[in-house]
Number of protein chains: 2
Amino acid sequence: MATLETISSIDTAPRHPIRLVANRTGLTVDLIRAWEKRYHVVEPARSDTKRRLYSDYDIERLRLIRIAKQNGRRLVDVAPMSLEALRDVVSEDSRFDAAQDNPAEVYRPSWSNPLESTDTQDAVDAMLFAIQTMDQHRFDQLLQEGLVKQALPAYLETVIGPLLREIGESTRLGKLRIAHEHMATAHLRTFIGALRFRETFTGSEPKIVITTPTGQLHELGALMIAALVSVDGWLPVYLGPNTPADEIAACAMQSGARAVSLSMTYPADDPRIPTELTRLRSQLDQKIPMFVGGSAAAHHQELIGRLGLQSPSSLNGLRQSLNELRDRGFRLQSA
Amino acid sequence: MATLETISSIDTAPRHPIRLVANRTGLTVDLIRAWEKRYHVVEPARSDTKRRLYSDYDIERLRLIRIAKQNGRRLVDVAPMSLEALRDVVSEDSRFDAAQDNPAEVYRPSWSNPLESTDTQDAVDAMLFAIQTMDQHRFDQLLQEGLVKQALPAYLETVIGPLLREIGESTRLGKLRIAHEHMATAHLRTFIGALRFRETFTGSEPKIVITTPTGQLHELGALMIAALVSVDGWLPVYLGPNTPADEIAACAMQSGARAVSLSMTYPADDPRIPTELTRLRSQLDQKIPMFVGGSAAAHHQELIGRLGLQSPSSLNGLRQSLNELRDRGFRLQSA
DNA sequence: TTTGTCTGGACAAAAGTGGGACAACATTGC
DNA sequence: GCAATGTTGTCCCACTTTTGTCCAGACAAA
C-alpha cells in the first residue's frame with residue numbers, strides 16, 4: 001500500500017512548454033526565465049532542441065512562490081524552499097491575513113419603513129428596510145408584490161436594478177453588513193431564478209447563451225438578463241457566473257445559440273477580461289453577436305469597439321437589439 | 001453507465017469541404033493544410049477528384065487543437081493526440097488557467113451513501129443525459145418529476161446528492177464539459193432555492209443560520225440544508241456561500257437564531273477553515289450549537305472535536321439533531 | 001470564364017534561448 | 001538621513017526553432 005506516499009505526490013514528468021506555464025501561473029515568460037537564471041527556482045528538463053519542459057511539480061512550485069511573493073515574501077528567501085516548506089509558508093501567511101477582519105458594529109436601522117410603497121423609490125426603500133432588519137419573509141413579499149404592479153422588464157429596470165445598486169453601495173459605506181448583503185443576494189438569486197419558469201416553452205425559441213466571463217463572480221446581472229429575454233421569446237441557456245471563454249464558445253456551438261450575452265460588474269479592471277473577450281470573439285461564429293453589459297463594460301469601450309461587440313446602454317436597449325435579431329432570424333428561416 | 005460514453009461519439013462520415021471547416025474552426029484554409037502536411041493533424045478523406053472531405057470528428061479535433069494552442073501548448077505536442085487526450089488536455093488547461101478559482105463542484109457529502117436503488121440511479125442517469133445534451137427543459141422536467149415521487153428529504157439524499165457527485169466526477173473525468181456543469185449547477189441553484197417557498201410560514205419557527213465559511217464558494221450543499229430544515233419547521237436564514245465568521249455571528253445575533261449550520265466541500269484543506277470556525281465558535285453564544293457538514297468536514301475531525309461542534313454523518317442525522325433541539329426549545333419556552 | 005482547391009516549396013513572423021543591461025525599489029551600514 | 005548595496009521586474013540583442021502565410025502552376029467546380 002504505497003497510497004499514502006503517492007496520493008499527494010505531483011507528477012514530475014516534464015511536458016509543459018513555458019508559455020503554458022506562464023498562462024497557468026500568471027507569471028510572464030521573461031520572469032520565469034529570470035528566476036531560473038538567478039535563483040534556480042525551477043530547473044526544467046529540455047527538449048532535444050533545448051526548449052524548456054516543465055512538470056506539474058514545477059508549476060506548483062512557481063504558483064506557490066508567486067503567492068508567497070504576493071504575501072510579501074522575498075524571492076531570495078522562498079526560492080530555495082522545498083514544496084512542503086512553500087506550502088507551509090503560504091498557508092501560514094493566509095491564516096494571518098484571514099485574522100484581520102472588521103469589527104462588529106451596533107446595528108441601527110437607517111431606512112424608514114414606508115408601509116405603503118407608492119413609487120419605485122419607496123419600494124426600494126421598503127426592501128432595504130426589510131434587508132436591514134433581516135425580515136426575509138417581508139422581503140420576499142415585497143419582491144412578489146412589486147412584480148404584480150409592473151411588467152417584468154420595467155420591474156427589473158426600475159426596481160431590481162436600483163435595489164442591487166443600493167445594496168452594493170450601502171454595504172460599501174457600512175450601512176449594511178456583509179451578512180445583510182449575503183442574505184439579500186441569496187434571496188434575489190432565488191427570486192429572479194424562479195422568474196424564468198413563468199413563461200411557456202414551445203421549443204422553437206431562438207437560444208441565447210448568458211453568463212459572466214472568468215473572474216466575474218456576481219451572477220445577478222446575468223440572471224436578470226435571462227429572465228428578461230425569456231419574456232421576449234428567447235430561450236436562455238444560462239451558465240451562471242465565471243465561465244471560461246472556451247466553454248462559452250463550446251456551449252454556444254452545441255446548443256446552436258444565436259447570440260451570447262455577458263454581464264460584467266466587479267472587478268471592472270480584471271486583466272483577464274480583454275483576453276477572455278478576445279478569445280471568445282475569435283472562437284465564436286462571426287454571425288453570432290456578442291452583447292456585453294454591466295457596469296464594468298464602460299471600462300472596456302475601446303476593446304468592445306475593436307472586437308465589434310454590442311454594448312447596449314440599458315436593459316431596454318438590449319431587448320430591442322434582441323427583438324430585431326429574432327425577427328431577422330424568422331425572416332431568414334422562412335425565406 | 002455506458003450512456004455517457006456513447007452519446008458523445010461524433011460522426012466520422014466525411015462530408016465537409018475545407019472552407020466550411022475553416023469557417024467553423026476559425027483557422028485559415030492554408031493553415032489547415034499546413035498542419036496536415038507537417039504533422040498529420042488530421043488526414044481527411046478525399047473526393048474522387050482529390051478534394052479534402054472532413055468529418056465532424058476532424059472538425060472537433062481541429063477546434064480542440066486550436067484551443068490547446070491558445071492555452072500555450074505547442075503544435076508538435078498536441079498534433080499526435082487522440083480526441084480523448086485532447087479533451088483531457090484542454091479541460092485540464094482551462095481548469096488550471098490563471099482562472100484557477102473554479103475547480104469542478106465536487107460535492108461529496110461525508111454524510112450519505114445509501115445503497116442506490118436502480119430506480120434512483122436511472123433518474124440520475126436521465127438527468128446526466130439531459131445535462132450533456134444541454135436539454136434544459138428536460139432537466140427541469142426530470143427534477144420536478146422526481147420531487148413528486150419522493151418526499152423532499154429522501155429526494156435530496158437519494159437523487160440530488162448523488163447527482164451532484166456524478167456531475168463533479170464526470171466533469172473531472174472530461175465526460176462533461178465545464179459548460180455543462182455550469183448549466184446544471186445554475187439550474188439546481190434555481191430549483192433547490194425555489195423549494196424553500198413551498199412551506200407555509202407561521203412566524204413562530206425557530207431560526208437557523210445556514211451558509212458556508214470564507215473560502216468555500218460552493219453553495220448547493222448549504223442550500224440543500226436550507227430546503228431540508230424548512231420541511232421540519234425551521235426558518236432558514238440563508239446567507240449564500242463564503243461568509244466571514246464575524247458576519248455569521250452578527251447575523252445569528254440579530255436574527256435570534258437558535259442554531260448555525262455550515263457546509264464545507266472544496267477546497268477541503270483551505271487554511272482559513274480552522275481560523276474561521278474557531279472565531280465563529282468564540283463569538284457565538286455557547287448555547288447555540290454549530291453544525292458542520294459536507295465532504296470537507298472529514299478533514300477537520302480534530303478541530304471539530306476540540307471546538308465541540310456537531311458533525312452529523314448524514315442529512316438524516318442532521319434532521320434528528322435539529323428536531324430534538326426544536327422540541328427542547330418548545331419545552332423551554334412553555335416552561 | 002471565374003472561382004476554389006490541390007501540391008510543393010519559399011519566405012516571414014512569432015516564439016524560444018542565453019546573455020546582459022538597466023531602472024525602480026528595498027535594505028543595510030554609517 | 002543618506003549613500004551604498006542588494007533585489008527584482010522588464011527589456012534588448014543575436015541567434016535558432018517553430019509556425020503561419022503566400023505563391024505558382026495544374027486541375028476541378030460553378
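Reminder, nothing fancy here: chain letters follow the sequence lines and each chain counts from 1.
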Listed nucleotide nearest any side-chain atom of [X], set [options]:
X	options	result
Arg33(B)	dT5(C), dG20(D), dG16(C)	dT5(C)
Ile18(A)	dC22(D), dT17(C), dT8(D)	dT17(C)
Leu75(A)	dT10(D), dT18(D), dG9(D)	dG9(D)

Rounded off to whole Å, could you give me the [atom1]-to-[atom2] distance for the [X] and [N] pair?
X	N	atom1	atom2	value
Arg74(B)	dA14(C)	CZ	C1'	14 Å
Glu36(B)	dG8(C)	CD	P	11 Å
Asp30(B)	dG4(C)	CG	P	14 Å
His40(B)	dT19(D)	NE2	P	14 Å
Ile65(B)	dT18(D)	CD1	C1'	16 Å
Lys50(B)	dA28(D)	NZ	C1'	12 Å
Lys37(A)	dA21(C)	NZ	C1'	10 Å
Tyr54(B)	dC6(C)	OH	C1'	11 Å

For [N], take OP1 and OP2 only and decide whether either is under 4.0 Å from a side-chain N or O of [X].
X	N	answer
Arg46(A)	dG18(C)	yes
Thr49(A)	dT16(D)	no
Tyr39(B)	dT19(D)	yes
Arg52(B)	dC6(C)	yes
Arg51(B)	dA29(D)	no

TODO: Please work out if Arg19(A) contacts a base, only the sugar-phosphate, or nothing of the nucleic acid, heavy-atom cut-off 4.0 Å.
DONE: sugar-phosphate
- [ ] Just call it for Val29(B): base, sugar-phosphate, or nothing, with non-hydrogen atoms closer than 4.0 Å on any strand.
- [x] nothing
- [ ] Verify side chain to side chain contact (heavy atoms under 4.5 Å, CB included) between Leu262(A) and Leu280(A), making sure each step is shown before the conclusion.
- [x] CA-CA 11 Å; Leu262(A) 301 177; Leu280(A) 178 55; 3.9 Å; yes
Task: Contact nearer the 5' end of DNA chain D, comparing Ser47(A) with Asp77(A) - done: Asp77(A)
Task: Least distance between heavy atoms, Trp35(A) atom then Lys69(A) atom - done: CZ2-CD, 4.1 Å
Task: Base dG9(D) paired with Lys69(A) side chain (donor-acceptor, <3.5 Å) - done: no
Open item on the list: Salt bridge or not between Arg52(A) and Glu36(A)? Use side-chain N to carboxylate O under 4.0 Å.
Closed with: yes
Open item on the list: Taking Arg61(A) first and then Asp58(A), would you say they form a salt bridge - that is, a charged N and a carboxylate O separated by under 4.0 Å?
Closed with: no
TODO: Check whether any side-chain heavy atom of Leu53(B) sits under 4.5 Å from a side-chain heavy atom of Arg46(B), and report yes or no.
DONE: no
